[in-house]
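To start, the structure itself, in structure tokens.
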Amino acid sequence: MDFAQLSTERPRVSDQDPEEVLHRIFGYETFRPLQGDIIHEVVKGGDALVLMPTGGGKSLCYQVPALVRPGTAIVISPLIALMQDQVAALKELGVRAAFLNSTMDFEQARDTENALMTGELDLLYCAPERLIQPRTLDLLHHASISLFAIDEAHCVSQWGHDFRSDYLELSRLAHEFPSVPRIALTATADERTRKEIAERLSLTEARHFISGFDRPNIQYRIAPKTNANKQLLDFINAEHDGDCGIVYCLSRNKVDATAKMLSGKGYTALPYHAGLNAGDRARHQERFLREDGVIIVATIAFGMGIDKPDVRFVAHLDLPKSLEAYYQETGRAGRDGKPSTAWMVYGLQDVIKLRQMLEGSMGNDHFKRVERQKLDAMLGLCEVTSCRRQVLLRYFGDTLEQPCGNCDTCLNPPETWDGKVAVQKALSCVFRTGQRFGVTYLIDVLRGSENERIFQFGHQAVSTYGIGTDLSANDWKSVFRQLVANGYLRADPEGYGALQLTEECRPLLKGEVAIQLRKDPVIKSSAGRSSSGTSGRRKIADQITDKAGWEALRACRKALAEEKGVPPYVIFHDATLFEILERRPNSLAEMAEINGVGAAKLEKYGDTFLAALRELDGH
Ligand code: ADP
Ligand code: ZN
């Protein structure tokens with residue numbers, strides 16, 4: 001690491017105010033809601049617990065104070081890949097940043113430690129297990145520390161999904177460095193987890209900053225699964241051709257098959273799951289970060305710590321287990337605030353599979369009850385007939401007064417129908433056939449099929465045989481899916497997909513209560529999809545009229561990125577590139593006014609992009 005070069009790049013800015021740092025270093029005009037307050041709190045030496053959605057802008061909340069307060073900020077981050085990217089991006093901005101983790105050899109680590117001791121670092125990223133080593137703590141006691149930032153703070157919560165035992169040790173920071181402000185940040189924490197974070201990190205005095213959870217630029221869409229591969233292809237073809245995206249599947253096999261299918265159709269699609277060797281995984285992740293238009297097909301093992309800002313879509317071919325997981329995964333789309341899509345297909349089999357996995361899982365009754373509630377909430381989102389965003393936000397304790405206008409139920413309100421009689425028929429068919437059969441068989445009975453098995457079991461004689469010819473097999477599937485999703489039927493925990501009645505279904509079975517069912521939307525040909533109602537949220541690709549100009553600027557960015565060995569977005573985000581294209585700056589002064597162009601980048605890249613623009617204009 002070349003610290004000599006780093007330290008001469010920029011004078012200390014400890015006497016500057018946050019706004020000035022925001023403009024000059026980061027090239028941004030204004031703080032986002034809450035960022036200003038949080039930064040003020042930390043700059044004046046207070047502790048903070050920050051809850052902000054992915055893409056909300058958490059990093060600036062400690063990066064700006066790190067540049068304003070004297071000394072080095074220590075950033076504790078569990079993810080080495082993320083750490084490296086953040087440090088690379090900061091260096092691009094001319095900030096003196098470095099990291100300490102297990103990937104470095106002795107000499108590199110020693111150089112970094114020296115830089116820390118001599119006050120040549122603004123930020124030092126550190127893995128938690130490294131930080132709590134006596135040797136590191138000792139070093140910190142002898143250095144000048146401006147603040148501690150604890151990223152992904154939910155890792156301290158035992159019930160959270162990313163628990164890391166070394167996070168528990170971080171409470172020591174409070175006792176060992178009582179005068180150093182600490183800021184803990186997370187994107188996923190309900191109230192209980194928040195309390196746990198505050199207690200376990202000894203942040204009980206910290207001010208809490210909880211920002212709205214809404215991600216208005218993400219369009220949420222959930223459709224019944226008919227032919228998943230074709231649906232996915234149609235979706236990508238019609239709306240995200242050439243875009244970068246993530247496709248989530250539950251199993252490794254399906255990941256491999258889906259990546260292959262997409263590759264066969266000409267997309268750059270790479271698999272990512274725990275069954276691949278570490279080298280392939282790293283290579284695929286790297287290509288996803290660095291190349292344009294790569295699709296990663298992954299199990300949930302992928303994504304933690306991917307802060308690529310221009311992921312344009314996240315597609316789910318399988319249902320996540322909870323809304324927390326769904327929101328976290330879909331949240332990886334559109335961190336740059338530009339229009340993006342969270343798209344999912346799900347079907348009856350997904351519901352049955354998840355219900356069975358849950359019932360068959362280890363864990364005590366309390367655990368299962370919690371998991372069941374989470375799954376119910378997930379299924380509730382799938383079947384809802386009102387605005388999906390309102391449901392999501394309500395779940396996270398946030399509210400949205402009006403329907404959002406940017407989810408599928410808002411854009412194409414689903415019709416409902418009076419399902420009282422159909423539901424009675426379906427439930428009664430389950431009952432009459434002894435609660436031992438799966439949905440295909442039940443539908444055969446309802447529709448009076450002459451299937452051999454029916455005669456074997458003598459079910460042509462039950463009263464529900466043939467009483468369901470008024471609905472198609474697909475309609476019946478939809479009825480059963482909604483019954484399972486809403487907990488009126490459950491899948492036999494022993495397996496085989498047999499459906500059984502639950503206590504809750506009694507009033508429905510007796511016809512005592514009304515029930516409205518969701519009419520599954522008719523699958524329209526994707527070519528005719530209208531984008532009306534989403535104006536103002538249109539994709540960057542749609543907004544670009546000057547395609548040649550856009551490609552030229554992208555090529556310019558790519559060349560710079562390759563030269564530097566960093567991902568293109570570290571040079572400039574799409575949004576910044578777009579603004580350059582739109583505003584066509586004529587001078588460095590005009591270039592400086594563009595969002596995302598700070599002093600360091602202006603100096604390094606300003607002329608190159610001005611030249612590219614001139615060339616476009618034929619000068
Ligand atoms: P988080 O860590 O909360 O997921 P990031 O800190 O990565 O989010 O920020 C998400 C994106 O928003 C980044 O591309 C960042 O540069 C951008 N961003 C953050 N704050 C601002 C701001 N005040 N003005 C413009 N862009 C911002
Ligand atoms: Zn909506």
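If you're wondering where the values come from, they're calculated on a predicted model, not measured in any experiment. Whatever order the structure lists them in is the order used to number ligands and atoms, beginning at 1.
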Exercise. How would you list, by chain and number, the residues with a heavy atom under 4.0 angstrom from ligand 1?
Worked result: Tyr28, Thr30, Phe31, Arg32, Gln35, Pro53, Thr54, Gly55, Gly56, Gly57, Lys58, Ser59, Leu60, Arg335, His573
Exercise. Do the two ring centres, one from Phe609 and one from Phe572, sit under 6.0 Å apart?
Worked result: yes
Problem set entry | With Thr341, the side chain to side chain donor-acceptor pair (under 3.5 Å) member among Gln219, His240, Arg312 | His240
Problem set entry | Contact check, side chains of Tyr326 and Leu319, non-hydrogen atoms, under 4.5 Å | no
For this session: Take the Zn ion (ligand 2) as the vertex and measure to SG of Cys404 and SG of Cys387; round to 10°.
Result: 100°
Exercise. Is there side-chain contact between Gln63 and Leu60, with at least one heavy-atom pair below 4.5 Å?
Worked result: yes
Exercise. Taking NZ, NE, NH1 and NH2 as the nitrogens, is one of them in Arg583 or Glu593 under 4.0 Å from a carboxylate oxygen of the other?
Worked result: yes
Problem set entry | Worked check of salt bridge (Lys or Arg N to Asp or Glu O under 4.0 Å) between Asp574 and Arg557 | CA-CA 10 Å; Asp574 276 1; Arg557 175 176 67 176; 3.0 Å; yes
Seminar exercise, completed: Here the vertex angle at the Zn ion (ligand 2) for SG of Cys410 and SG of Cys407, given to 10°, is 100°
Problem set entry | Check: Phe235 ring centroid to Phe313 ring centroid under 6.0 Å | yes
